[in-house]
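Data first, discussion second: the structure below is written as structure tokens.
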Amino acid sequence: MAEEKSSRNFIQEIIDEHNRSGRFGRKVHTRFPPEPNGYLHIGHAKSICLNHGLAVEYGGQFNLRFDDTNPEKEEQEYVNSIIEDVRWLGAKWQGLRDDDPQAGVIWSSNYFQQMYDWAVELIRKGKAYVCDLSGEEVSRTRGTLTRPGTASPYRDRSVEENLDLFERMRKGEFPDGSKTLRAKIDMNSPNFNLRDPIMYRIMHETHHNTGDKWCIYPMYDWAHGFEDSIEGITHSICTLEFENHRPLYDWFINTVNEGRTDDGSGPWGRKIHHPQQIEFARLNLTYTVMSKRLLLQLVKEGHVQGWDDPRMPTISGFRRRGYTPEAIQNFCRDIGVAKFNSVIEMVRLENAIRDHLNQIAQRRMVVMDPLKVVITNYPADQVEEMEAVNNPEDASAGTRRVPFSREIYIERDDFMENPPKKYFRLAPGAEVRLRYAYFVKCTDVVKDPATGEIKEIHATFDPATRGGNNPPDGRKVKGTIHWVSAAHARPIDVRLYDHLFNKENPMEIPVGGSFLNNMNPNSLTLVNALAEPALADAKMGERFQFERQGYFCVDRDSTAQRLVCNRTVTLKDTWSKIEAQTPLIIKGG
RNA sequence: UGGGGUAUGGUGUAACGGUAGCACGACUGACUCUGGAUCAGUUAGUCUAGGUUCGAAUCCUAGUACCCCAGCCA
């Protein structure tokens with residue numbers, strides 16, 4: 001097989017090296033470890049696709065594990081949405097089953113006992129102590145960027161006392177915040193994470209999974225490495241901000257491994273698995289924000305209609321907008337992965353969904369802003385069923401019938417009384433093709449005498465062009481426009497979505513302002529449109545291309561009486577570019 | 001001002017001392033019953049300054065810019 005040498009990203013190179021050296025026995029086991037404190041966004045999709053993709057590529061395994069170590073912030077609603085989103089994206093974790101959404105899902109909280117035991121082991125090894133300092137005192141004694149911290153007065157408690165106190169912390173003898181368990185590392189370290197970090201805090205809080213069993217909860221830094229270790233994760237892939245935590249992550253595992261041996265003959269038994277943490281740059285996209293905090297604010301303050309508002313960069317938002325998992329996967333693959341803090345242009349994502357929908361979406365004709373056209377030489381009582389191709393990119397999608405009659409609607413934009421050069425659509429005396437129907441020529445413009453507003457257009461059709469075909473005389477037209485038969489048109493609701501923010505970087509904020517100042521007031525436009533009858537039986541979630549306009553998805557707000565369609569993305573529009581340039585030329589001249 | 005990272009066309013991403021390539025965008029043109037799609041072409045880049053070398057994006061030295069770290073968040 002002639003195999004093309006595909007370029008490798010830095011993570012693949014690291015894994016390849018591990019496989020060469022045999023560090024993990026040529027195994028690859030990755031995971032996606034979300035905290036259930038918000039909805040997943042497109043940045044998480046990058047991580048999911050990366051982790052899952054590596055597992056697939058190397059024939060390894062992939063876990064979905066909830067990092068549920070902080071009961072104060074975590075909720076079941078988020079758990080459910082995250083599971084749904086990861087499934088929808090197509091990532092398959094160990095133990096995934098169709099009949100039970102939670103099958104195979106792992107919880108950090110299941111390891112609480114094991115983590116507790118290791119904490120006791122660290123105390124016994126003299127590497128951890130119970131500290132009575134308040135939060136404020138801890139932060140004051142931690143030092144600054146340039147000054148080392150100072151040791152806690154409780155740093156040198158005896159092993160026995162620490163053991164006793166820690167046990168009583170667990171039993172619930174002390175109030176929240178009164179004590180912590182801290183690792184005894186180095187108050188002089190230039191890395192703050194090593195200045196005696198807190199391992200456990202007291203939190204009398206009911207946990208969504210373990211209930212009231214625990215009133216001490218492990219900190220992320222203490223817990224995370226062990227979660228990976230227990231599961232045999234080989235490559236703990238995370239974002240850049242955890243780079244400074246890697247020495248701590250390694251310290252915890254190495255410290256547990258002190259006095260342990262590979263064969264289990266050491267005083268503390270067998271060594272535990274030590275994963276390799278690898279950090280990559282999180283995804284940033286233009287015209288949106290990606291922080292959970294800000295997304296939560298948009299939802300809570302009602303700037304959008306929920307986490308799955310189609311303008312949100314959440315996975316559920318994109319799903320409702322009409323995005324496909326394939327498009328998101330392709331996007332995540334195409335943007336690559338590196339350590340450089342980059343900002344991806346939104347058009348990359350839009351391009352990915354156009355690409356996929358162009359292949360799979362059936363076409364329909366929908367008029368957003370109707371202008372009546374009367375075809376004066378067409379019989380008043382006649383209706384013809386025109387055959388229309390459902391998808392020119394996919395012959396197997398077949399054809400459908402579209403009714404044609406004397407009175408039709410076209411897009412108001414598709415007529416101009418005084419057209420500029422290069423305008424190919426309808427104008428007085430001009431001829432265009434009605435897609436799949438006939439050539440028509442504009443003969444009259446009927447206006448409201450009072451306002452001058454164009455009320456309707458009169459036109460004549462050429463019977464020799466039936467089906468939209470070129471006539472035998474060889475005549476051609478440059479423009480083809482969409483239409484719906486007036487008598488057969490079905491009203492539908494359409495939601496036109498645009499960027500949520502009108503600045504590439506919404507966090508570029510004027511002094512005293514907020515990112516909310518950068519919200520696009522026109523991110524949603526509601527339209528009453530007229531659709532061809534074939535759209536009437538569209539099902540929820542079904543995706544279509546409305547010819548010449550864009551891709552649309554049937555929203556769950558649809559009723560039997562009225563369809564609601566969300567615009568996923570527009571079609572590329574070169575005319576708008578020409579149009580935008582034209583006035584400049586006039587001005588310049 | 002301590003520590004940890006990162007710098008390649010407009011935007012991303014390759015190159016592992018040997019012709020700076022690819023994708024997206026932008027711009028031309030061809031084709032077209034969607035001003036869509038498709039096809040062809042053009043455009044444009046190694047953070048700076050020195051050094052090593054026959055040869056440097058890559059190695060060395062010194063700078064510059066940006067990101068992360070002082071939660072009992074993750």
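By convention in this document, chain letters (A, B, ...) are assigned in the order of the sequence lines, proteins followed by strands, and residues within each chain are numbered from 1. Everything numeric in this text was worked out from a predicted model, so none of it was measured.
Contact annotation for P148(A): no contact, since no heavy-atom pair falls under 4.0 Å across all strands. Among the atoms of the strands shown, base atoms are found under 4.0 Å from some heavy atom of L145(A).
Rounding to whole angstrom units, CZ of residue F340(A) and P of G45(B) are separated by 18 Å. Taking atom CG of N341(A) as the reference point, atom P of G5(B) lies 15 Å away to the nearest angstrom. Put simply, CG on D355(A) is 12 Å from C1' on G36(B), counting in whole angstrom units. Regarding Q545(A), its CD atom lies at a distance of 6 Å from the C1' atom of U34(B), rounded to whole Å. When rounded to the nearest whole Å, the span between CG of N470(A) and C1' of U32(B) equals 11 Å. As rounded to whole Å, 18 Å separates atom P of C72(B) from atom OH of Y217(A).
The backbone N or O of E137(A) sits less than 3.5 Å from a side-chain atom of T141(A), completing a donor-acceptor pair. At distances below 3.5 Å, not a single donor-acceptor pair connects side-chain atoms of R195(A) with backbone N or O atoms of P148(A).
Of the nucleotides present, A65(B) is the one that pairs with U6(B) by Watson-Crick or G-U wobble criteria, both distances under 3.5 Å. With a 3.5 Å ceiling on both atom-pair distances, U1(B) lacks any Watson-Crick or G-U wobble partner. When Watson-Crick and G-U wobble pairs are counted only if both distances are under 3.5 Å, U11(B) pairs with A23(B).
On the C1' atoms, A62(B) is 41 Å away from C27(B), given to the nearest whole Å. To the nearest whole angstrom, the two C1' atoms, one in C73(B) and one in A65(B), are 30 Å apart. Nucleotides G12(B) and G36(B) place their C1' atoms 25 Å apart, quoted to the nearest Å. Distance noted for atom C1' between C22(B) and U46(B): 16 Å (whole Å).
Between E173(A) and R168(A), at least one side-chain nitrogen of the basic residue sits less than 4.0 Å from a carboxylate oxygen of the acidic one, meeting the salt-bridge criterion.
Under the 90° criterion around 0 for the glycosidic angle, G55(B) counts as anti.
Remark: the R425(A) side chain and the G35(B) base include a donor-acceptor N/O pair separated by less than 3.5 Å. Under 3.5 Å, the side chain of Q549(A) and the base of U34(B) form no donor-acceptor pair of N or O atoms. You won't find any donor-acceptor pair under 3.5 Å spanning the side chain of E579(A) and the base of G35(B), going by distance alone. Side chain E345(A) to base G10(B): a donor-acceptor pair is found below 3.5 Å. No donor-acceptor contact under 3.5 Å links the side chain of N70(A) to the base of C73(B).
For R201(A), a side-chain nitrogen or oxygen approaches OP1 or OP2 of A74(B) to under 4.0 Å. Checking the phosphate oxygens (OP1, OP2) of C68(B), no side-chain nitrogen or oxygen of K339(A) falls inside 4.0 Å. The side chain of K572(A) places no N or O atom within less than 4.0 Å of a non-bridging phosphate oxygen (OP1 or OP2) of U34(B). A sub-4.0 Å separation between OP1 or OP2 of A74(B) and a side-chain N or O of T69(A) is present. Contact between the side-chain N/O atoms of R142(A) and the OP1/OP2 oxygens of C72(B) is found at a separation under 4.0 Å. Taking 4.0 angstrom as the limit, T574(A) places a side-chain polar atom (N or O) nearer than this to OP1 or OP2 of G36(B). When the side-chain nitrogen and oxygen atoms of N351(A) are compared with OP1 and OP2 of G25(B), one or more of them lie within a distance under 4.0 Å.
Ring geometry, F546(A) versus F552(A): the interplanar angle falls under 30°, so the pair is classed parallel (tilted spans 30 to 60°). A parallel orientation is assigned to the rings of Y39(A) and W307(A), their planes being inclined by less than 30° (bins at 30° and 60°).
Checking C24(B), A74(B), U6(B) against the side-chain heavy atoms of R348(A) singles out C24(B) as nearest.
Among the candidates H482(A), R548(A), R425(A), the single residue satisfying the side chain to side chain donor-acceptor pair (under 3.5 Å) test with E411(A) is H482(A). For the salt bridge (Lys or Arg N to Asp or Glu O under 4.0 Å) with E532(A), the lone residue among R400(A), R401(A), R364(A) that qualifies is R400(A).
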